[in-house]
Amino acid sequence: MTHPSDSLPCPSTYTRLLLQRWPTATEYLLAGTALSPELLVHHGLITVSQQLKVLRNARDLAGRADWALDFGRQLNINSHGPLGFAAISAPTLGEGIGALGAFARIRGPYVAYSAVEQDRQLILRYDTSDYPLGDLEVALVEILQQIALSYTRAVLGEGNSEATLYFAYAARGHASRYRE
C-alpha cells in the first residue's frame, strides 16, 4: 500500500551510514530500493519509501529487535548536517531542541516533531500517526531518541542531564537497554 508521503525526498545519510556499518551487505541493504552505491554518491536525496525499505532491510540483516539502539548510537548531531549545525548553534538547549523539532521533518518526513518547554523541562515529542510506520515505529523512535540525547550531551556535556523517556507503547524485550 502506498502513502502520499512515500515519494517525498529525504537525505540519504541514514542509508550511507548503514552501508558503512555493514560494508559487505550493500546488496542486501539496498534490495528492493532501486538504489545503488554510485547513485548515493551523486545524489544526496532519496525517497521516503526507499529510506524506510533500507531501514527494514537493516533490521532484517541485524536479526535483533534492539538493532536501532546500536545504529542510533552511531548517529550524532554532526550526522544531521545543517540541521545539526543550527541546533548546536542555538543560544540555549531549549532553542536547539526547538530547531530540531521545527526542521526535523526535512530529514524524516515520516515523523512529526514538536518541542515544548514545560515546568523547566524540555519535551520533544515524536508523532507517527500521519505516516503509518508499522513494524518500524519503535525502531525509528529509538533512533530519534538517541539523536536527541546526542544533542543534549553535546550542549550540556556527558552526565549533566537527566532524561526521562515516555513511550506510547508497552516496554519491549530490550527496554532494559534504554539506560545505556
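What's counted below: heavy atoms across the whole structure, side chains too, no hydrogens, waters or symmetry copies.
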*Are a donor atom and an acceptor atom from the side chains of D6 and Y131 found within less than 3.5 Å of each other?*
yes
*Check against side chain to side chain contact (heavy atoms under 4.5 Å, CB included), L140 and L52*: CA-CA 10 Å; L140 282 169; L52 296 177; 3.9 Å; yes
*Locate the shortest heavy-atom distance separating E137 from T128; write the atom from each residue and the value.*
OE2-OG1, 2.7 Å
_Which atom of L133 lies closest to which atom of R56, heavy atoms considered_ = O-NH2, 3.1 Å
*Could you give me the CA-CA distance, side-chain angles and deciding distance for H174 and E142, then say whether side chain to side chain contact (heavy atoms under 4.5 Å, CB included) is met?*
CA-CA 11 Å; H174 62 277; E142 290 173 346; 2.7 Å; yes
_Gap between atom CD of Q146 and atom CG of L69 - 0.5 Å precision_ = 5.5 Å
Sequence neighbours excluded and cut-off under 3.5 Å, please list the side-chain donor-acceptor pairs for residues 22-33, or say none.
unit_1	atom_1	unit_2	atom_2	d
T26	OG1	P23	O	3.4
T33	OG1	L30	O	2.5
T33	OG1	L35	N	3.0

*Any chance you could lay out the side chain to side chain contact (heavy atoms under 4.5 Å, CB included) test for R125 and Y113, step after step, and finish with the verdict?*
CA-CA 6 Å; R125 289 190 177 104; Y113 306 82; over 6 Å; no
_Using a strict threshold of under 4.0 Å (side-chain N to carboxylate O), is an ion pair present between R177 and D70?_
yes
_I need the E117 CD to L93 CG distance, nearest 0.5 Å._
8.5 Å
*Without swapping roles, check the side chain of Y126 against the backbone of L144 for a donor-acceptor pair under 3.5 Å.*
yes
*Looking at CD1 of I147 and CZ of R73, how far apart are the two atoms once the value is rounded to the nearest 0.5 Å?*
13.5 Å
_H43: which residues meet the side-chain contact (heavy atoms from CB on, under 4.5 Å) condition with it, sequence neighbours left out?_
L39
_For a 4.5 angstrom cut-off between non-hydrogen side-chain atoms, does Y110 reach L136?_
no
_Could you check whether any side-chain N or O of T152 sits under 3.5 Å from a backbone N or O of A148, counting only pairs where one atom can act as donor and the other as acceptor?_
yes
*Show your working on side chain to side chain contact (heavy atoms under 4.5 Å, CB included) between V111 and D127 and close with a plain yes or no.*
CA-CA 6 Å; V111 177; D127 180 1; 5.8 Å; no
_Testing the basics here: between P9 and P109, what is the closest heavy-atom pair and its distance to 0.1 Å?_
O-CG, 3.7 Å
*Which atom of A68 lies closest to which atom of A139, heavy atoms considered*: CB-O, 3.4 Å
*Compare every heavy atom of S12 with every heavy atom of I46, then report the nearest pair and how far apart it is.*
CG2-CB, 3.8 Å
*Is any side-chain heavy atom of F71 less than 4.5 Å from a side-chain heavy atom of L17?*
yes
*Say whether, by atom type as modelled, one donor and one acceptor occur between the side chain of T47 and the main chain of Q50 under 3.5 angstrom.*
yes
*Quick one: does T92's side chain have a donor or acceptor within less than 3.5 Å of a partner on E95's backbone?*
yes
*Below 4.5 Å, heavy atoms only, C-beta onward: do I143 and W67 meet side chain to side chain?*
yes
*Any side-chain heavy-atom pair from L75 and T13 closer than 4.5 angstrom?*
no
*Is there a side-chain contact between L45 and C10, using heavy atoms and a 4.5 Å cut-off?*
no
*List the atom of A90, the atom of G96, and the distance in Å for their closest heavy-atom pair.*
CB-N, 3.4 Å
*Approximate separation, where rounding is to 0.5 Å, of L19 CG and R21 CZ*: 12.5 Å
*For the residue pair L18 and L55, establish whether any side-chain heavy-atom pair is separated by less than 4.5 Å.*
yes
